[in-house]
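As a basis for the values below, the full set of heavy atoms in this structure was taken, side chains included, without hydrogen atoms, waters or symmetry mates. Sequence lines set the chain letters: A, B, ... in the order given, protein chains first and strands last, and positions in each chain run from 1.
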2 protein chains.
Amino acid sequence: SFSAIALVSSQCSITGLPLVRNISEIPQDNYARPGLSHMTVAGSLLHGMKEVEVWLQTFAPRSHTPIHRHSCEEVFVVLKGSGTLYLASDSNGKYPGNPKEHFVFQNSTFHIPINDVHQLWNTNEQEDLQVLVVISRPPIKVFIYEDWSMPHSAARLKFPYYWDEKCYQAPNKKDEL
Amino acid sequence: SFSAIALVSSQCSITGLPLVRNISEIPQDNYARPGLSHMTVAGSLLHGMKEVEVWLQTFAPRSHTPIHRHSCEEVFVVLKGSGTLYLASDSNGKYPGNPKEHFVFQNSTFHIPINDVHQLWNTNEQEDLQVLVVISRPPIKVFIYEDWSMPHSAARLKFPYYWDEKCYQAPNKKDEL
Ligand SMILES: [Zn+2]
Ligand SMILES: [Zn+2]
């Protein structure tokens with residue numbers, strides 16, 4: 001069950017944060033993913049959100065998300081740069097198969113249909129790709145694929161996700177403290 | 001029940017829209033609210049979203065939202081300009097009472113706690129206030145107050161909301177067509 005969530009350490013406390021926050025002062029990290037800068041603008045574990053979460057992410061040229069799927073909704077707004085969305089929409093097969101390529105560009109928006117396997121790349125060698133990302137039902141539960149021919153059933157659950165690891169505390173671990 | 005939603009007219013059809021959309025080509029309207037420009041970037045009725053909705057709104061100087069509340073979550077990201085958020089957080093009283101004033105500014109973010117009565121004003125005489133707005137559980141159901149001393153029980157339900165009116169079709173009306 002992912003329903004019960006506790007917070008650990010004062011860095012993860014939702015109390016004491018100002019209501020209005022300067023986005024440029026929000027901590028950012030690459031979470032050991034080269035070329036990534038991630039900020040949780042409004043988050044479940046950091047800010048007490050229950051139904052939506054908002055991220056600001058910057059991808060350096062050639063950096064990208066994993067190939068992945070999730071059962072929550074996801075909306076992207078491209079603030080800067082351009083790139084390529086790879087999207088495998090046929091979820092009837094045993095594995096994603098060849099994805100369709102969609103060019104994404106500054107001031108464009110797109111959303112990922114629920115459970116469709118996808119990957120966002122900064123395929124523009126010249127500049128960073130910056131996106132605002134909205135997801136539903138945080139914290140996000142992600143299934144990661146090694147390649148597009150990996151069976152859906154072999155995709156690996158990554159939960160908590162990179163930026164949720166520090167503040168997420170599994171329900172049954174709570175009792176041990 | 002708001003659960004069953006049908007679509008009317010081809011303007012409201014979610015079919016045939018490209019996956020990646022240029023935000024500057026999304027239709028905008030003021031919905032008879034002076035000083036407002038509203039765009040539905042990713043919407044329930046227009047784009048088939050079920051769990052989140054994203055708007056881009058611009059408020060001319062002195063323009064504002066109604067005083068209102070809703071039971072969904074709402075996150076703002078201020079893209080341009082500045083203004084004032086009025087927020088009445090004590091929902092234990094019979095009416096909202098005097099709201100707290102929060103200065104909001106370019107590159108700031110804030111969210112509205114569920115059911116807190118609030119109003120956003122562009123209180124900057126010099127420039128437009130532009131915000132990206134995220135809500136959960138679309139389409140939004142809003143209770144509107146005439147002033148801060150109106151009892152919660154007297155607030156008027158506005159549903160469908162301004163930008164949902166054209167495409168929302170009430171479940172029981174469907175049978176009459
Ligand atoms: Zn995703
Ligand atoms: Zn609101």
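- Residue T109(A) holds its OG1 atom at 8.0 Å from NE2 of H47(B), rounded to the nearest 0.5 Å.
- L79(B) is connected to V134(A) through a chain of hydrophobic side-chain contacts under 4.5 Å among Ile, Leu, Val, Met, Phe, Trp and Tyr, so both are in one cluster.
- Neither the backbone nor the side chain of L56(A) comes within less than 4.5 Å of any heavy atom in chain B.
- The two atoms that bring N107(A) and N22(B) nearest to each other are O-OD1, 3.6 Å, heavy atoms only.
- If you measure heavy-atom distances from V75(A) to chain B, the contacts under 4.5 Å come from the side chain alone.
- No part of I112(A) comes within reach of chain B, as not one of its non-hydrogen atoms sits under 4.5 angstrom from that chain.
- Hydrophobic clustering of Ile, Leu, Val, Met, Phe, Trp and Tyr side chains at less than 4.5 Å, counting indirect connections, keeps L129(B) apart from I23(A).
- Taking a 6.0 Å sphere around CD of E146(B), one finds it holds 12 or fewer heavy atoms contributed by other residues, nucleotides or ligands.
- Ranked by heavy-atom pairs under 4.5 Å with chain A, the first of M49(B), H102(B), E25(B) is M49(B).
- Of all heavy-atom pairs between L19(B) and H111(A), the closest is CD1-O, 3.5 Å.
- Counting all heavy atoms, side chain and backbone alike, V52(B) lies closest to S136(A) at CG1-CB, 3.7 Å.
- Neither the backbone nor the side chain of L17(B) comes within less than 4.5 Å of any heavy atom of chain A.
- Under the 4.5 Å side-chain contact rule for hydrophobic residues, Y86(B) and M150(B) share a cluster.
- Residue with the most contacts toward chain B among E51(A), Q106(A), E53(A): E51(A) (heavy-atom pairs, distance under 4.5 Å).
- For V104(A), the parts sitting under 4.5 Å from any heavy atom of chain B are the backbone and the side chain alike.
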Next item on the list: Check the pair V41(B) / V77(A) against side chain to side chain contact (heavy atoms under 4.5 Å, CB included), numbers first and verdict last.
Entry: CA-CA 9 Å; V41(B) 170; V77(A) 172; 4.3 Å; yes

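- In the hydrophobic cluster analysis, where Ile, Leu, Val, Met, Phe, Trp and Tyr join through side-chain heavy atoms closer than 4.5 angstrom, F59(A) is grouped together with Y161(A).
- Using a 4.5 Å cut-off between heavy atoms, L132(A) touches chain B through its side chain atoms alone.
- The cluster map of Ile, Leu, Val, Met, Phe, Trp and Tyr, joined by side-chain heavy atoms under 4.5 Å apart, puts W55(A) and L36(A) in the same cluster.
- Scanning both residues, V20(A) and F105(B), for their nearest heavy atoms gives CG1-CE2, 3.9 Å.
- The environment of Y95(B) atom OH is sparse: at most 12 non-hydrogen atoms of other residues, nucleotides or ligands sit within 6.0 angstrom.
- Proximity to chain B is absent for every atom of F76(A), based on heavy atoms less than 4.5 angstrom apart.
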